[in-house]
Amino acid sequence: MTLLFKHEPAGDAPIVCDFSGATDTPEQRLAEYRQLFGAGLVSRERTGTGVVVTFDARLASWAADLAAREAACCPFLSYLVTLDDGVVRWETSGSAEAQPILDECHELYHTAATISVDDLIAGLAQRGFTVTRSSAESFQLERAEPHTA
């Protein structure tokens with residue numbers, strides 16, 4: 001097995017996605033997922049703590065690069081990308097609080113061809129997150145605080 005990329009979050013990493021430092025826009029990133037999935041997605045699986053997707057081995061560099069960019073905007077998740085037996089295995093996992101985001105990620109692998117960034121944001125809002133778009137190029141995602149009576 002060859003390690004292509006690994007990221008472990010700091011223990012106190014807040015559940016905040018910040019796309020403001022990215023060199024691409026959310027729309028471009030979603031389009032890239034569409035291209036990657038279309039080029040060689042082999043399988044996707046929801047595990048107890050995350051999501052595992054596998055790709056054709058020829059996509060190893062691309063998958064590792066995309067995972068690194070995802071870790072830069074969502075550093076509260078763990079990312080592990082490996083190459084083994086002709087497939088790239090990309091595992092994304094997180095804490096119990098991050099599971100709704102991982103649910104949405106799992107769905108993204110299924111709906112990437114038809115979903116828009118606005119649809120993705122709406123899905124996250126339905127799962128209990130507040131999404132703030134500071135511009136067309138960036139947004140932040142924060143876990144909504146539970147309401148107390």
Side-chain angles (χ1 to χ4, degrees), residues 1-11 13-129 131-133 135-143:
M1 176 174 64
T2 303
L3 177 65
L4 301 174
F5 177 75
K6 182 176 182 177
H7 167 80
E8 290 293 332
I15 298 180
V16 175
C17 291
D18 185 357
F19 216 89
S20 61
T23 58
D24 54 353
T25 67
E27 288 79 7
Q28 290 168 330
R29 181 76 55 92
L30 189 54
E32 184 173 0
Y33 270 108
R34 284 186 196 105
Q35 292 171 341
L36 180 63
F37 297 158
L41 178 66
V42 174
S43 67
R44 69 178 175 92
E45 173 188 0
R46 181 66 166 99
T47 68
T49 60
V51 177
V52 177
V53 291
T54 57
F55 298 97
D56 184 279
R58 64 189 164 77
L59 304 174
S61 294
W62 188 2
D65 176 67
L66 184 54
R69 288 183 281 135
E70 285 296 315
C73 80
C74 296
F76 60 91
L77 294 172
S78 296
Y79 299 86
L80 178 64
V81 182
T82 57
L83 177 63
D84 195 19
D85 291 330
V87 295
V88 176
R89 180 178 170 92
W90 176 347
E91 300 175 53
T92 307
S93 59
S95 67
E97 289 180 295
Q99 292 307 305
I101 294 171
L102 293 162
D103 289 339
E104 196 67 24
C105 288
H106 182 256
E107 287 304 309
L108 174 64
Y109 301 129
H110 180 68
T111 61
T114 59
I115 196 169
S116 70
V117 171
D118 288 338
D119 293 336
L120 182 60
I121 289 170
L124 290 167
Q126 289 176 349
R127 295 180 192 272
F129 290 87
V131 180
T132 305
R133 286 191 88 152
S135 70
E137 291 79 32
S138 67
F139 64 91
Q140 292 188 353
L141 172 68
E142 296 182 66
R143 186 75 164 134

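Residue indices begin at 1 and follow the sequence shown.
Phe5 places none of its side-chain heavy atoms less than 4.5 Å from the side chain of Leu3. Using a 4.5 Å heavy-atom threshold, the side chains of Arg127 and Asp103 count as touching. Considering only heavy atoms from C-beta on, Val81 comes within 4.5 Å of Val88 through its side chain. Within the 4.5 Å cutoff, no side-chain heavy atoms of Glu104 are placed close to those of Gln126. In this structure, the side chains of Phe76 and Glu97 stay at 4.5 Å or more apart for every pair of heavy atoms. Looking at Ile101 and Ile15, their side chains come closer than 4.5 Å, going by heavy atoms from C-beta outward. Between Pro75 and Pro9, the closest side-chain pair of non-hydrogen atoms is not below 4.5 Å. With contacts defined as side-chain heavy-atom distances shorter than 4.5 Å, the pair Asp18/Cys73 does not qualify.
Ring planes of Phe55 and Phe37: parallel class, angle under 30° (limits at 30 and 60°).
No donor-acceptor distance shorter than 3.5 angstrom exists from the side chain of Glu27 to the backbone of Val117, with no hydrogens or angles considered. Counting only distance, with no hydrogens or angles, the side chain of Arg34 and the backbone of Ile115 share a donor-acceptor pair below 3.5 Å. A donor-acceptor pair is defined here as one N or O able to donate and one able to accept, closer than 3.5 Å; such a pair exists between the side chain of Thr54 and the backbone of Ser43. In terms of modelled atom types and a separation under 3.5 Å, the side chain of Glu32 and the main chain of Leu66 share no donor-acceptor contact.
Atom-to-atom distance recorded for His7:NE2 and Leu80:CG is 12.0 Å, nearest 0.5 angstrom. How far CD of Gln35 is from CG of Leu59: 11.5 Å, rounded to the nearest 0.5 Å. Rounded to the nearest 0.5 angstrom, Thr49 OG1 and Leu77 CG are separated by 10.5 Å. If you take CG on Leu102 and OG on Ser95, they are separated by 8.5 Å, rounding to the nearest 0.5 Å. We find the OH-SG distance between Tyr33 and Cys105 to be 6.5 Å, quoted to the nearest 0.5 Å. To the nearest 0.5 angstrom, Tyr79 atom OH is 15.0 Å from Lys6 atom NZ.
Looking at every heavy atom in both residues, Phe129 comes nearest to Pro100 through CE1-CB, 3.5 Å. The shortest heavy-atom contact between Ala22 and Arg29 is CB-NH2, 3.9 Å. Counting all heavy atoms, side chain and backbone alike, Leu36 lies closest to Ala63 at CD2-CA, 4.4 Å. The two atoms that bring Trp62 and Ala39 nearest to each other are CZ3-CB, 4.0 Å, heavy atoms only. The minimum heavy-atom distance linking Asp56 with Val42 is given by the pair N-CG2, 3.6 Å.
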**OP:** Begin from the C-alpha positions of Phe19 and Asp24 and carry the test side chain to side chain contact (heavy atoms under 4.5 Å, CB included) through to its verdict.
**Re:** CA-CA 9 Å; Phe19 216 89; Asp24 54 353; 3.7 Å; yes
**OP:** Quick one: do Arg89 and Glu91 satisfy salt bridge (Lys or Arg N to Asp or Glu O under 4.0 Å)? Show the steps, please.
**Re:** CA-CA 6 Å; Arg89 180 178 170 92; Glu91 300 175 53; 3.0 Å; yes
